Number of protein chains: 2
Amino acid sequence: MGPGQKTKTKTYCYDFPMVSVTVDCVIFGWDNDGLHVLLIERGEEPFEGQWALPGGFIRAGEEDLEKAARRELSEETGIGSPRHLEQLGTYGHPDRDPREEHVITVAYIALIKRDEHRPQGGTDARSAHWIPMEEARRKRLAFDHDQIFSDAVERLYNKLRYDPLGFNLLPNKFPLRDVQQLYEVAIGHEVDKRNFRKKLLETGLLEDTQEIETDVKHRAAKLYQFNWTAYQKRRAEGWTFDI
Amino acid sequence: MGPGQKTKTKTYCYDFPMVSVTVDCVIFGWDNDGLHVLLIERGEEPFEGQWALPGGFIRAGEEDLEKAARRELSEETGIGSPRHLEQLGTYGHPDRDPREEHVITVAYIALIKRDEHRPQGGTDARSAHWIPMEEARRKRLAFDHDQIFSDAVERLYNKLRYDPLGFNLLPNKFPLRDVQQLYEVAIGHEVDKRNFRKKLLETGLLEDTQEIETDVKHRAAKLYQFNWTAYQKRRAEGWTFDI
DNA sequence: GCAAAAGTGTTTCCCCTACACCCATGG
DNA sequence: CCATGGGTGTAGGGGAAACACTTTTGC
C-alpha cells in the first residue's frame, strides 16, 4: 500500500492483486411518449432492490468487450440485437464497487427500436423496466451508475446533432414529427417546424414510403424511412450529417 | 469453453479465469516541424524491440484509471503532468495480447507542450522517442496499438475543430500561424489566412502578449496566449468554441 | 533590394432564420 | 363545423468565403 494513498482491501490471487471487469449497458428506446432508459431492479447484493444499469462480468479469455455487452443485453433484458451499440467509456475507481475486489466497468450505449422488442422476456426480464428519462434522472442508481447514465445521456444528445444514429431509435417507418421531437429533446429547445423539415429532406436520405400513420385523431402524417445505404455512400465521400 | 467459440487458453485463479487491465497512452506533442507521437521501443517480451505505445498494468485496488495513466506517463516517458488527458476507449479482444492472460487495455490521449518536457528522463526514457505523425503511421506497432493509435488520431483531429484543446499542444505563447498549421493538419486541407485569423481573434480568447517571435529569418510574428479562464466562463454560459 | 512571411478590409453569396396560412381528417 | 396537427414558400440578414496588396525583417 503506497504512502498516503486511499486504498481498499485488496483481493489477491497468489501474489497478484485482482481486478474484475464488467460491462454495463445504457439502453435507450423511443416511444410515442418520449425517450426511455431500460433499468433493472437488482435481485442480489450489493445494492439489492436498487435500480441499476443492466450488466455483468465478462467471460475472461472468451469474449470481446462488445460481445460481452451483447450477451448481457440479451441475458438481462431479452434484447437480441440492438440497432446501435457503442462504447461509452470505462469507469475504474477502486471504490466504485463495495465488494472487496477492484471492479472496473466498461460502459456501452445501446439504441433499440422499441417496436422490435415488445416482449421483455429474458433471464432476468422480470426486473427490467423502461423508465422515462425524467424519472430516471431523479433515481439514485447503484454503484456509480448515476455518473455513467448522465455521461451516456450527454453523449447521446450531442451525437444526435451530427450523426443519424437517432434513426436507430425510431420505428422503420416514422413521421417527420417524431424526428423533430427527438431532436428537440436532444438540443433542449423547440425548433421551427418548416426549417427543420426542409433541412432534413434536403439531405435526400429520407424516403417517402407512400404510407401514412394510422389510428390518429387528425390528419395523418406521411411515413418516411431513412436510407442507410445512401448515407454510407455519402459519408464515404466525405459528407457529414448535420441537423 | 462455449461451443464454436474462438477462445484462448485461460489463466485461472482458483476457479475464476483471470483478466488483467493495462493503460496505454497516446501522447501527442507539437513542434515547429509538426505533430509528433511519443513511442517506445519495447525492452521486453512480448514484441521486444518493436515500437509500441507507452503503458503498463494498473495497480489493482490502489488507483483510478486516470491515475494509472499519469503514473505510466511519468514512469515510461518522464512526463510529469500532461496539459490534457482524456480517455479514448477500451480494447479487450481476448487475443490482443499473445500472453496467456486476457489483457484489456484502457487507452488515453495525452497532450503536452514539448517545450515543457525537454528532458525525456524517466525510468524507461532511454527508449522513448518523438516520432513525426507520418512516420508513426507507417510503423507496425505492437499488440493492437495500430488500431489504438489511429483511433486516437481520429479523435484528436475531430476534436480540434470544436474544442480548444489544441492550445495544450502549443507553447504558452505562440504565433497565430502555428494555430493555423495545427488546424490545417486536423482538417486535412489549407484554409484562408485572413478568414482564419479573423474567426480566431473574434472569439476574444486570444490575448496579444506584446511579444514577438525571435530567431526568425523574416518579419517576426506577434505572440498570443490563450485565455483559459475566459474560455471556461464563456463555456459555462453555453458558448461553444468552433473554428 | 529582394525574398519570405506577417498582417489587414471589403464585397459577394449562400444559408439559416423568422414568419403565417391552408389542408386533411376525426369526431 | 371545429379542433388538431400536417404540410408548405418567401424575404431578409448575418456570417462564411473569396480575394490582393502593403509591411516588416534578414540577408
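Note that this is a predicted model, so its numbers are computed, not measured. Quick note on labels: first sequence line is chain A, next is B, and so on, each numbered from 1.
Side chains of A/Y91 and A/D151: a donor-acceptor N/O pair is present below 3.5 angstrom, by distance only. For the residue pair B/E207/B/N227, the side-chain donor-acceptor check at 3.5 Å is satisfied.
A/E41 places no side-chain N or O within donor-acceptor distance of the main-chain N or O of A/W51, the cut-off being under 3.5 Å. Judged by distance alone, the side chain of B/D208 and the main-chain N or O of B/Q210 form a donor-acceptor pair under 3.5 Å.
Between B/R197 and A/A220, the residue anchored nearer the 5' end of DNA chain C, judged by the nucleotide with its closest heavy atom, is B/R197. Residues A/R219 and A/N195 each lie close to DNA chain C; by heavy-atom proximity, the contact nearer the 5' end of the strand is made by A/N195. Heavy-atom nearest nucleotides on DNA chain D were determined for A/H218 and for A/K198, and the one closer to the 5' end corresponds to A/H218.
Across the protein-nucleic acid pair, A/D192 atom CG and D/dA11 atom P stand 17 Å apart, rounded to whole Å. Nucleotide D/dG5 holds its C1' atom 16 Å from the CG atom of A/D215, rounded to whole Å. D/dG5 atom P lies 13 Å from atom CD of A/E190, rounded to whole Å. When the C1' atom of D/dA16 is taken as reference, atom CD1 of B/I243 falls 14 Å away, rounded to whole Å.
Interface limits on DNA chain C: the 5'-most and 3'-most nucleotides within less than 4.0 Å of chain B heavy atoms are C/dA4 to C/dT10.
Phosphate contact (OP1/OP2 of D/dG6, side-chain N/O of A/R177, threshold under 4.0 Å): present.
The residue B/K222 sits close only to the backbone: its heavy atoms come under 4.0 Å of sugar-phosphate atoms, none of a base.
Remark: A/R138 pairs with no residue by the side-chain hydrogen bond (donor to acceptor under 3.5 Å, both in side chains) rule, at least two apart or across chains.
A/F143 and A/H145 have tilted rings, their planes meeting at an angle from 30° to 60° on a 0 to 90° scale.
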